[in-house]
Amino acid sequence: NIKSASGGAIDVPAMISRVTVDAVTDLRVLDGAEIIQTGSPFDPGFFNIGITTDMTLSDRLFLDAGGAVAVPIGDSNVRVNSNASTVTIGDATLLSLGEMSIYNGGNADLRSEVDSTSYGLAGAATSLTRATYNAANVIRLNNGADLESLDDVRLMAGYVKDSVQSIKIRAEARAFNKTAFPINIDPVADATANTLSLVDIGEGSKVTAVRDVYLLSEAGRRDVLGYGRGKDLYRQVAAEIANTLGDLVGAEDVSLDIE
């Protein structure tokens with residue numbers, strides 16, 4: 001969180017913030033490996049192999065500027081260029097007495113927020129926000145991979161163990177121009193989520209289960225929002241007058257804000 005308060009005849013404070021992430025997570029069962037679950041088939045326990053990533057990124061800018069000419073500028077960009085995770089089973093043998101689960105997924109919570117306010121004679125409060133998430137979750141069985149279970153086999157891309165992944169992306173831009181002669185600039189708020197969930201059963205690999213085989217690929221729960229609001233004193237006063245008159249006749253409230 002960064003906060004700025006400034007003043008002067010000509011006040012042009014600016015904040016530019018960049019958060020960038022590149023991540024790679026690999027889990028490999030190499031050629032020739034054997035993973036065999038032993039014990040009682042009546043109480044086999046768990047056989048889980050998987051990757052879970054969890055990203056929480058937040059960037060917030062708050063600007064207050066006053067003067068004869070006040071132009072506060074806030075620019076925030078939170079970006080995950082790549083969150084690439086791969087579970088690879090080579091020419092290996094996996095045997096479970098109970099359910100076999102192989103999963104690969106990631107939770108993400110990204111927020112980019114700018115709140116910009118200008119005071120004085122003339123000004124233009126400016127807010128720009130961008131939050132972007134790019135991810136790929138892959139489960140790959142190579143030639144010779146042999147998966148066997150006396151119960152079920154579940155291959156789950158886009159899952160964090162027992163549940164689907166959760167993607168929450170927020171870009172929020174607010175600009176309040178309280179000057180006598182406002183110059184309104186539309187706020188920019190872009191939120192983007194690009195995800196790939198893939199189960200790749202290669203030629204020459206084998207998946208066998210006494211019960212069922214599940215191949216699951218899920219985008220997961222998504223909550224992606226880009227929200228921008230700009231207003232000035234004149235719009236605010238006009239809306240208040242309109243809403244006061246509207247209340248007399250039972251009309252719904254109106255907003256003159258730039259959204």
Side-chain angles (χ1 to χ4, degrees), residues 19-57 79-110 132-169 192-222:
V19 178
T20 304
V21 175
D22 291 274
V24 176
T25 308
D26 287 333
L27 189 159
R28 300 177 182 176
V29 179
L30 299 180
D31 293 349
E34 291 186 350
I35 303 177
I36 299 174
Q37 185 180 37
T38 60
S40 170
F42 302 104
D43 186 18
F46 302 98
F47 191 108
N48 297 324
I49 296 175
I51 293 175
T52 296
T53 62
D54 194 345
M55 291 190 175
T56 301
L57 305 171
R79 181 178 181 85
V80 176
N81 289 324
S82 175
N83 181 22
S85 59
T86 306
V87 175
T88 304
I89 310 299
D91 182 3
T93 299
L94 278 62
L95 173 62
S96 70
L97 300 177
E99 181 178 279
M100 178 185 296
S101 294
I102 299 178
Y103 60 89
N104 186 2
N107 296 324
D109 186 350
L110 275 60
T132 306
Y133 180 69
N134 298 299
N137 305 302
V138 178
I139 296 173
R140 178 169 290 117
L141 305 187
N142 289 339
N143 182 29
D146 185 2
L147 280 58
E148 299 182 34
S149 173
L150 299 182
D151 199 290
D152 295 332
V153 174
R154 295 177 180 269
L155 304 180
M156 303 181 294
Y159 281 76
V160 288
K161 198 173 181 180
D162 296 327
S163 63
V164 296
Q165 62 191 5
S166 175
I167 310 298
K168 183 177 181 180
I169 313 296
T192 306
N194 300 308
T195 61
L196 168 69
S197 298
L198 174 66
V199 177
D200 181 9
I201 309 297
E203 182 178 357
S205 60
K206 183 170 65 174
V207 180
T208 308
V210 171
R211 297 184 64 185
D212 298 317
V213 174
Y214 297 89
L215 306 180
L216 305 175
S217 176
E218 290 282 352
R221 295 186 297 271
R222 288 173 178 265

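Because the structure is predicted, anything quoted here is derived from the model rather than measured.
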Quick check for you: to the nearest 0.5 Å, what is the distance between [X] atom [atom1] and [Y] atom [atom2]?
X	Y	atom1	atom2	answer
Ile35	Phe47	CD1	CZ	5.5 Å
Thr53	Asn83	OG1	CG	4.0 Å
Asp151	Arg211	CG	CZ	5.0 Å
Ile169	Leu57	CD1	CG	9.0 Å
Ile167	Asp109	CD1	CG	10.0 Å

For [X], what residues pass the side chain to side chain donor-acceptor pair (under 3.5 Å) criterion, not counting sequence neighbours?
X	result
Thr86	none
Asn137	Ser85, Gln165
Ser205	none
Asn107	none

Fill in: Pair Val80-Asn134, side chain to side chain contact (heavy atoms under 4.5 Å, CB included): steps then yes or no
CA-CA 6 Å; Val80 176; Asn134 298 299; 5.6 Å; no
Worksheet item: How far apart are the C-alpha atoms of Asn142 and Arg140, what are their side-chain angles, what is the distance that settles it, and do they pass the side-chain hydrogen bond (donor to acceptor under 3.5 Å, both in side chains) test?
Response: CA-CA 6 Å; Asn142 289 339; Arg140 178 169 290 117; 4.9 Å; no
Discussion item. One pair to check against side chain to side chain contact (heavy atoms under 4.5 Å, CB included): Ile49 and Leu27. What are the steps and the verdict?
Written reply: CA-CA 9 Å; Ile49 296 175; Leu27 189 159; 3.7 Å; yes
[X] to [Y] - nearest heavy-atom pair and separation:
X	Y	result
Leu155	Ile139	C-CD1, 4.2 Å
Tyr103	Val87	O-CG2, 3.8 Å
Asn48	Lys161	ND2-CE, 3.7 Å
Leu198	Ser217	N-OG, 4.1 Å

Item to complete: Flag the pair Tyr159 / Glu218 as yes when at least one side-chain heavy-atom distance between them is below 4.5 Å, and no otherwise.
Response: yes
Under 3.5 Å, side chain of [X] to main-chain N/O of [Y], donor-acceptor pair present?
X	Y	answer
Thr132	Thr192	no
Asp152	Asp212	yes
Gln37	Phe46	yes

Side-chain donor-acceptor pairs under 3.5 Å in residues 88-99, sequence neighbours left out?
unit_1	atom_1	unit_2	atom_2	d
Ser96	OG	Gly98	O	2.7
Ser96	OG	Ser149	OG	3.1
Glu99	OE1	Arg154	NE	3.1
Glu99	OE2	Ser101	OG	3.3

Worksheet entry | Residue pairs passing the salt bridge (charged side-chain N to carboxylate O under 4.0 Å, His left out) test where at least one lies in residues 21-39, sequence neighbours excluded | Asp26-Arg28
Fill in: Residue among Leu147, Asp146, Asp200, Val199 satisfying side chain to side chain contact (heavy atoms under 4.5 Å, CB included) with Leu141
Leu147
Worksheet entry | CZ (Arg221) with more than 12 external heavy atoms under 6.0 Å |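 Count over threshold, so yes.
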